Every structure is written in structure tokens, then in C-alpha cells.
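Notes follow once the structure below has been shown.
Position 1 is the first residue of the sequence, and the numbers go up from there. Everything numeric here is computed off the predicted structure, so don't read it as measured data.
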Amino acid sequence: MQDQSGNTSDSATRVATRLGLHGVAELVLAGPQFRLSGTIELRAVPGGFGTVADPDVRVIGHELVAGERRTQLAGQTLDELAGACGLSATSLSDVYAEGPGLLGGDRVEVDPLAAVEVARAFGIGDAALRALAPDHRPVIWPEHFDIAIDVDEVNYGVSPGDTHFDEPYAYVGPWQRDNYQGDFWNAPFGAARTLAELRDTDGVLAFFSEGRSRTA
């Protein structure tokens with residue numbers, strides 16, 4: 001990804017930042033929220049992501065925001081970040097099998113430019129999903145760290161990147177994958193296109209809409 005000054009986040013930086021933000025999403029936001037409010041769901045917010053219930057905690061860019069307090073993420077352990085919000089870092093390994101695999105004592109590295117890339121992916125995904133299915137609420141799931149909905153047994157979502165693609169991408173994932181053949185279906189879980197290819201919210205919405213038409 002390139003910013004206005006021409007600076008670019010490289011692959012290793014993107015991966016480290018995604019892992020760090022994924023750890024914060026689980027241990028600092030979703031974990032404490034689950035213990036207090038009974039839900040692991042997170043949401044896209046302008047510039048990042050946040051909880052949907054108490055405690056009210058957000059990640060905006062490369063900062064953790066709780067009330068008026070803003071804490072730089074980079075170089076902090078997850079225990080330290082949670083403590084800055086008056087919380088205890090809480091794993092969700094008893095709720096789901098996958099996740100970032102980080103512990104409270106792990107230190108996160110979050111690059112500001114790479115964090116903007118993650119926030120942009122969630123923002124585009126949120127807008128496209130709401131346009132695709134206005135009666136569905138997009139959710140950022142801390143297990144896989146993507147924003148998604150499911151409609152008629154098809155998952156639609158945007159990931160900031162993972163083991164399938166190094167960069168942000170949108171996907172269409174039918175629950176019954178064997179029913180669909182052809183070039184559109186280019187991933188083990190269904191269909192995927194990078195945000196670099198789709199470019200913006202309209203491009204992602206067009207991809208989702210084609211997937212919906214093909215699975216109708």
C-alpha cells in the first residue's frame with residue numbers, strides 16, 4: 001500500500017501489523033467484552049474497529065482509544081494495552097479454535113501505514129455489505145479478523161489479509177462449495193478478489209452482487 005507521500009508498507013510489515021491488530025481485537029476488545037457483555041462481535045468504526053457493547057474500546061489507526069485516553073499500540077504488550085483501559089487481556093481460546101494465537105505478555109508491532117490499510121479494508125467492507133444486504137449487520141469476527149455477513153447460506157466479507165492472500169481481499173463463500181464451478185470461483189472457499197483489483201466500495205459491491213446472482 002502507498003500513501004500520499006509515496007511510502008509503502010512491505011509484506012513483512014503488513015503481516016506483523018495484522019497479527020498485532022488481530023491480537024488486540026481478541027485479547028483487548030472481544031475477550032473482555034465477552035466476559036462482561038456476552039458477545040464476541042466487533043464492528044467497523046471510522047478509522048478502525050471497536051466493541052459493540054461494554055467495555056467501549058476502539059482501535060483507531062495505530063492507537064487504542066478508551067474514553068479520552070489514547071495509547072500507542074506499537075511496542076506495548078497486550079497486558080499493558082488492556083491495563084491502559086482498566087481491563088485484563090482475555091483470550092477466547094475457550095470460545096473458538098482459531099485466532100491470533102497471542103498471549104497477554106506478547107508485544108505487538110503496529111505500523112501506522114499498514115494499520116490504515118486494515119482500517120480501509122474494514123471500512124470498504126462495511127459499506128459494501130450494508131449496500132448488499134441492508135437488513136444485515138456486518139460483524140468483525142475476532143476469530144478470523146474479517147468483516148462479514150451471511151445471506152442464504154453464503155458468506156460475504158472482506159479480510160485485511162491472511163494465509164490465503166497477503167493483501168486485503170473480498171470474498172464470496174457458499175456453504176456448499178461443490179455446487180459452483182467456473183473461473184469466478186477461484187479460491188478453496190469460493191471466490192476472492194483483492195481490494196487492489198476491486199479498488200473501492202462500488203467494486204466490492206459489484207463483486208458481491210455477482211456472487212449473489214451466481215448463487216441464487
Check your understanding: Between I147 and G125, what is the shortest heavy-atom contact and its length?
Key -> CG2-CA, 4.2 Å
Check your understanding: Within a reach of under 6.0 Å around CZ of R177, are more than 12 heavy atoms found that belong to other residues, nucleotides or ligands?
Key -> yes
Check your understanding: Checking side chain to side chain contact (heavy atoms under 4.5 Å, CB included) against P100, which of R18, E143, E26 comes through?
Key -> E26
Practice item. Apply side chain to side chain contact (heavy atoms under 4.5 Å, CB included) to D146 and W141, showing your working. Key: CA-CA 6 Å; D146 61 353; W141 296 103; 4.0 Å; yes
Practice item. Taking atom types as modelled, find out whether S11 and D166 have a side-chain donor-acceptor pair closer than 3.5 angstrom. Key: yes
Exercise for review: Starting at CG of D150, measure out to CG of L129 and round the result to the nearest 0.5 Å.
Suggested key: 11.0 Å
Exercise for review: Would you give the length of the straight line joining atom CD of E210 to atom CZ of F184, rounded to the nearest 0.5 angstrom?
Suggested key: 4.5 Å
Check your understanding: Hey, are the side chains of S91 and L103 touching, using non-hydrogen atoms and a 4.5 Å cut-off?
Key -> no
Exercise for review: Pick out which of T51, D54, T90 makes a side chain to side chain contact (heavy atoms under 4.5 Å, CB included) with L36.
Suggested key: D54
Review point. Quick one: do R107 and E80 make a salt bridge, cutoff under 4.0 Å?
Key: yes
Check your understanding: For T13 and E109, what are the C-alpha separation, side-chain angles and deciding distance, and is it a side chain to side chain contact (heavy atoms under 4.5 Å, CB included)?
Key -> CA-CA 9 Å; T13 299; E109 296 302 327; over 6 Å; no
Review point. Does the side chain of F122 reach to within under 4.5 Å of the side chain of V118, using non-hydrogen atoms?
Key: yes
Review point. Is there any ring-ring contact (aromatic ring centres under 6.0 Å, His included) pair reaching into residues 14-42, and which pairs are they, with sequence neighbours excluded?
Key: H22-F145
Point to revise | Side-chain touch V158/F208, heavy atoms, less than 4.5 angstrom | key: yes
Point to revise | Heavy-atom check, side chain of V28 versus side chain of V59, under 4.5 Å | key: no
**Study point:** Exceeds 12 heavy-atom contacts within 6.0 angstrom, atom CG of D152
**Key:** no
Check your understanding: Can you tell which of Y169, F189, Y171 makes a ring pair (Phe, Tyr, Trp, His ring centres under 6.0 Å) with H164?
Key -> F189
Check your understanding: Is the shortest heavy-atom distance from the side chain of P142 to the side chain of Y96 under 4.5 Å?
Key -> yes
Point to revise | Note, C85 side chain near R69 side chain (heavy atom, < 4.5 Å) | key: no
Check your understanding: Of the non-hydrogen atoms in W175 and N155, which two are nearest, and what is the gap between them?
Key -> NE1-OD1, 3.1 Å
Point to revise | Closest heavy-atom pair and its distance - P32, L87 | key: CB-CD1, 4.1 Å
Check your understanding: Quick one: are H144 and S159 in side-chain contact, heavy atoms under 4.5 Å?
Key -> no
Check your understanding: Which heavy atom of A121 sits nearest a heavy atom of P160, and at what distance?
Key -> CB-CA, 4.2 Å
Review point. If you measure from CZ on R58 to CG on L64, what distance do you get to the nearest 0.5 Å?
Key: 9.5 Å
Exercise for review: Given side chain to side chain contact (heavy atoms under 4.5 Å, CB included), test V52 with Q33 step by step and report yes or no.
Suggested key: CA-CA 8 Å; V52 299; Q33 177 185 252; 3.5 Å; yes
Under 3.5 Å, which donor-acceptor pairs link side chains of residues 200-207 to any protein atom two or more places apart or in another chain?
| unit_1 | atom_1 | unit_2 | atom_2 | d |
| --- | --- | --- | --- | --- |
| D200 | OD1 | D202 | N | 3.3 |
| D200 | OD1 | G203 | N | 2.9 |

Exercise for review: To the nearest 0.5 angstrom, please state how far the CG atom of L92 sits from the CG atom of L27.
Suggested key: 7.5 Å
Point to revise | Spatial distance of atom CG (L113) from atom OG1 (T17) [nearest 0.5 Å] | key: 9.0 Å
Revision key, fill the gap. Distance col, row L29:CG vs R43:CZ, nearest 0.5 angstrom, shows 10.0 Å
**Study point:** Residue list, salt bridge (Lys or Arg N to Asp or Glu O under 4.0 Å) with R35, at least two apart or on another chain
**Key:** D94
Revision key, fill the gap. What one should report as the nearest heavy-atom pair of F49 and V45 is N-CG2, 3.5 Å
Review point. So do the side chains of Y156 and H136 get within less than 4.5 Å of each other, counting heavy atoms only?
Key: no
Review point. Backbone N or O of G67 within a donor-acceptor pair of the D56 side chain at under 3.5 Å?
Key: no
Revision key, fill the gap. Between T39 and A53, the two heavy atoms sitting closest are CG2-CB, 4.4 Å
Practice item. Give a yes or no answer on whether the side chain of R212 reaches the backbone of L132 with a donor-acceptor pair at less than 3.5 Å. Key: yes
Check your understanding: Going only through I, L, V, M, F, W and Y residues with side-chain contacts under 4.5 Å, is there a path from L198 to I124?
Key -> yes
Practice item. Could you give me the CA-CA distance, side-chain angles and deciding distance for I60 and R70, then say whether side chain to side chain contact (heavy atoms under 4.5 Å, CB included) is met? Key: CA-CA 9 Å; I60 306 299; R70 304 178 76 96; 4.0 Å; yes
